[in-house]
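Structure first, then comments.
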Amino acid sequence: MEILDEEPKKSLPIDFYERVYAVVRQIPYGYVTSYGAIAEVLGHPGAARTVGFALNQVHGRMNDIPAHRVVNRNGVLTGKNHFETPTRMQELLADEGVNVCDDVVQDFDRLFWHPRRLGRPD
DNA sequence: CCCATGACCACAA
DNA sequence: ATTGTGGCCATGG
């Protein structure tokens with residue numbers, strides 16, 4: 001039948017950002033996750049770039065949002081240049097016991113926290 | 001409205 | 001394995 005696809009696409013853009021922040025806040029101390037995983041759990045599996053864009057606007061809230069715990073799918077600190085200093089992200093991770101070598105999180109598979117798993121990993 | 005950019009990701013060659 | 005290309009969603013000129 002001729003259905004009218006009047007789906008309300010004009011959703012609130014801020015919703016997406018706030019959800020990103022909400023997920024990032026859930027990342028446990030000493031663990032990391034990826035942009036794609038966040039986008040996927042939010043229902044937009046292809047919006048990984050938008051997640052990064054959202055985190056780029058965080059500047060003021062970095063105190064509440066551990067953006068340094070978000071890396072790309074390969075465990076690379078792709079966003080390190082957007083911190084106060086290029087080494088800031090690595091330092092913050094190292095302070096949590098996350099070892100970073102050559103801009104790559106070591107033991108990435110073990111330290112990866114999937115947003116779907118609320119509460120504690122493992 | 002069209003175009004360009006971006007802290008990404010998946011896939012093809 | 002490395003490189004290139006397209007897609008994804010939101011923002012700014």
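To find a chain, count down the sequence lines: A is the first, B the second, and so on, and within it residues start at 1. All values below come from the heavy atoms of this structure, side chains included, with hydrogens, waters and symmetry mates left out.
- Atoms CD1 (A/Ile38) and C1' (C/dC8) sit 16 Å apart, rounded to a whole Å.
- In this entry the distance linking CZ of A/Arg19 with P of C/dC9 reads 14 Å, nearest Å.
- Taking the C1' atoms as reference points, B/dA7 lies 22 Å from C/dG13, given to the whole Å.
- Residues A/Val51 and A/Met62 fall within the same hydrophobic cluster, defined by Ile, Leu, Val, Met, Phe, Trp and Tyr side chains chained together at heavy-atom separations under 4.5 Å.
- For the salt bridge (Lys or Arg N to Asp or Glu O under 4.0 Å) condition, the pairs that include at least one residue of residues 77-92 of chain A, sequence neighbours left out, are A/Lys80-A/Asp103.
- Nearest heavy atom pair, residue A/Ala54 against residue A/Tyr21, reads O-OH, 2.9 Å.
- Smallest separation of non-hydrogen atoms from A/Arg69 and A/Pro28: CD-O, 3.8 Å.
- From A/Phe83, atom CZ reaches atom CG of A/Leu92 across 6.5 Å, with rounding to the nearest 0.5 Å.
- The separation between A/Ile27 atom CD1 and B/dA7 atom C1' is 13 Å, rounded to whole Å.
- Atom CD in A/Gln57 sits roughly 13 Å away from atom C1' in B/dT5 (whole-Å rounding).
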Nucleic acid footprint by protein, nucleotides 8-13 of chain B - heavy-atom cut-off 4.0 Å, B for base, S for sugar-phosphate alone: BSS---
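- When heavy atoms are screened at a 4.0 angstrom cut-off, A/Ala67 is found touching base atoms of the nucleic acid.
- Closest non-hydrogen pair, A/Val100 versus A/Gln90, comes out as O-NE2, 3.4 Å.
- Taking every side-chain heavy atom of A/Phe53 into account, C/dT11 is the closest of C/dC9, B/dA7, C/dT11.
- Straight-line distance from the CG atom of A/Asn81 to the P atom of B/dA7: 9 Å, rounded to whole Å.
- Across the protein-nucleic acid pair, A/Tyr17 atom OH and B/dA7 atom P stand 12 Å apart, rounded to whole Å.
- Residue A/Leu93 contributes atom CG, which lies 13 Å from atom C1' of B/dA7 at whole-angstrom precision.
- With a 4.5 Å cut-off on side-chain heavy atoms, A/Ile27 and A/Val32 do not count as touching.
- When the P atom of B/dA7 is taken as reference, atom CG of A/Leu92 falls 19 Å away, rounded to whole Å.
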